[in-house]
2 protein chains.
Amino acid sequence: MSFFTEQPVTSADKTFFLLRKDIVEGAILSGSKLSETELSTKYAVSRAVIREAINRLESCHIVERKANVGARVVSLTPEGMIGLYQVREALEGMAARLAAKNMSDAEIADLNNLLTAHYQDVKNDESYYQEAGDVDFHYRIILGSKNNHLISMLIDGIYHLVRMYRVQLGMAGPRVTTAFNEHKHIVQAISNRDEELAEMLMRRHILYSRNNIEQKLVNKVYTRSEKREKP
Amino acid sequence: MSFFTEQPVTSADKTFFLLRKDIVEGAILSGSKLSETELSTKYAVSRAVIREAINRLESCHIVERKANVGARVVSLTPEGMIGLYQVREALEGMAARLAAKNMSDAEIADLNNLLTAHYQDVKNDESYYQEAGDVDFHYRIILGSKNNHLISMLIDGIYHLVRMYRVQLGMAGPRVTTAFNEHKHIVQAISNRDEELAEMLMRRHILYSRNNIEQKLVNKVYTRSEKREKP
DNA sequence: GAGGGCTATATTGTCGACACTTTAAACTAC
DNA sequence: GTAGTTTAAAGTGTCGACAATATAGCCCTC
């Protein structure tokens, strides 16, 4: 299990997905302690199941655990966010390169369709679909790389963390219209099977995103969710 | 826990490290089944401890687990190795870029010292120290990035897999003398704080490594360790 | 009144037992 | 003899209890 395409089947799977959802979407605040006994009553499963879920969250770097002490949801810092985007730049750049090489013609056609659909949303100013469209766009390219290591690192790991930052710091999907043009050029490069250009454009695209977010970040991070409760 | 600098403290920690060592170094063959009951007697711990260790190994992509069926050590394939090197190229390229930006002057001086020590080994043809030196070199640059996500992905994840491939496919540290020159140029770029060049040279370095290994790979993989035993 | 050590409590780590699922073997029917 | 079904065994998933560790509060000492 623990892979992007698999369905949750065991109780531990479901609990892991639930817990991750609750953390990423802010129902459980960044920095808060995760008590095993408490969570086991809350989610109505045994401590063993909670422990397994927490262990997986630790592997995703969503929680930090200290032996004999317990687990806390990671604290969000500007450095953490920047570091995340540096990794994204490297990995998704490579993903775009590999996608230009490995995506089938059908997949590329689908990607183009997605882009035109996305363009409709941009014209109609439907910001919700814009964010979903952005994620969808990136996912397709990542999957198009056909590199399982890459796919797993991004989709099972990085993306949930990025989303956690986005949600908990309250920044909706920004700069949609400019990003759309960047998406368009990336798809063109992939259509032309220009690996070099696809990578370069994707890296720039993510770098711009990062620059855009950095500004909003610095003033926000230390105002929210840094209130480590004392039990 | 589960981080590069931490010491193992709990029984589950130690078992995880032991199991990983046994798998990476080939004491447990690629593709073989990991029976929880069997391992719990072998390592003299409870099944819960073994389960936790296996879960961590799954997060590292060293084993694959199917619900209600069990866990197997991953099978080694040429595609897997190539994919691993693609990720390495992306991540270590970024690491070199960040190292050029973030390493202290003292750390860079140390890196230069390591290089001259390594050079002595090359002259004396001490191939064991050559491989260790190579790993040490890469580790320092990775750590020099000061990016915890990057560091963890490479040191806790990729590097153990790469080593597993190396060991189980029986390929000792190759092409040392040419690699040394590449190392030298990378260090020069870092010393000059030339981020762009440091990344480019590191990527090339890893690409060359990959090309070098690919040749030896294709003829070997399907001869060893693909003998899924039937219980 | 302040600091250090001790005790009590709460939480995590580990264990063995039970429940459920899978798998393979045995048996039946055709 | 083959295919399908049933059944038994082996292994995983889940649970509650016990053991070990850390934290906080209390007491004692100075």
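Chain naming here is simple, since letters A, B, ... match the order of the sequence lines and numbering starts at 1 in each.
At D/dT14, none of the side-chain N or O atoms of A/Ser46 fall inside 4.0 Å of OP1 or OP2 (strictly under the cut-off). Dashed line: the shortest gap from a side-chain N or O of A/Arg51 to OP1 or OP2 of C/dG13 is under 4.0 Å.
When each of A/Val45 and A/Asn68 is assigned the nucleotide of DNA chain D bearing its nearest heavy atom, the one mapping closer to the 5' terminus is A/Val45. Between A/Ala48 and A/Val69, the residue anchored closer to the 5' end of DNA chain D is A/Ala48, taking for each the nucleotide with the nearest heavy atom.
B/Lys33 places its NZ atom 11 Å from the P atom of C/dA24, with the value rounded to the nearest Å. Between the CZ atom of B/Arg56 and the P atom of C/dG13 there is a distance of 9 Å, given to the nearest Å. Separating the CD atom of B/Glu52 from the P atom of C/dT12 is a distance of 13 Å, rounded to the nearest angstrom. With rounding to whole Å, B/Lys66 atom NZ is found 8 Å from C/dT23 atom P. For B/Arg72 and D/dT12, the CZ to P distance is 11 Å, given to the nearest whole Å. Look at CG on B/Asn55: it is 14 Å from P on C/dT14, rounded to the nearest Å. When rounded to the nearest whole Å, the span between CD1 of A/Ile50 and C1' of D/dC15 equals 13 Å. In this structure, A/Glu38 atom CD and C/dT11 atom C1' are separated by 12 Å, rounded to whole Å.
At a threshold of 4.0 angstrom between heavy atoms, the contacts of A/Leu34 are confined to the sugar-phosphate backbone, with no base atom among them.
Looking at A/Glu79 and B/Lys146, no side-chain N of the basic residue comes within less than 4.0 Å of a carboxylate O on the acidic one, giving no salt bridge. A salt bridge does not link A/Arg140 to A/Glu107: none of the charged nitrogens lies less than 4.0 Å from a carboxylate oxygen. A salt bridge is defined here as a Lys NZ or Arg NE, NH1 or NH2 lying under 4.0 Å from an Asp or Glu carboxylate O, and B/Glu36 with B/Arg47 meets this definition. Comment: A/Glu92 does not engage A/Arg210 in a salt bridge, judged by the lack of any side-chain N to carboxylate O separation of less than 4.0 angstrom.
Ranking C/dT14, D/dG13, C/dT12 by closeness to the B/Ser11 side chain, first place goes to C/dT14. Closest to the side chain of A/Glu36, from the set C/dT14, D/dT12, C/dT12, is C/dT12.
Scanning atom types as modelled, one donor and one acceptor separated by under 3.5 angstrom connect the side chain of B/Arg47 and the base of D/dG13.
At most 12 heavy atoms of other shown residues, nucleotides or ligands fall within 6.0 angstrom of atom CD in B/Glu38.
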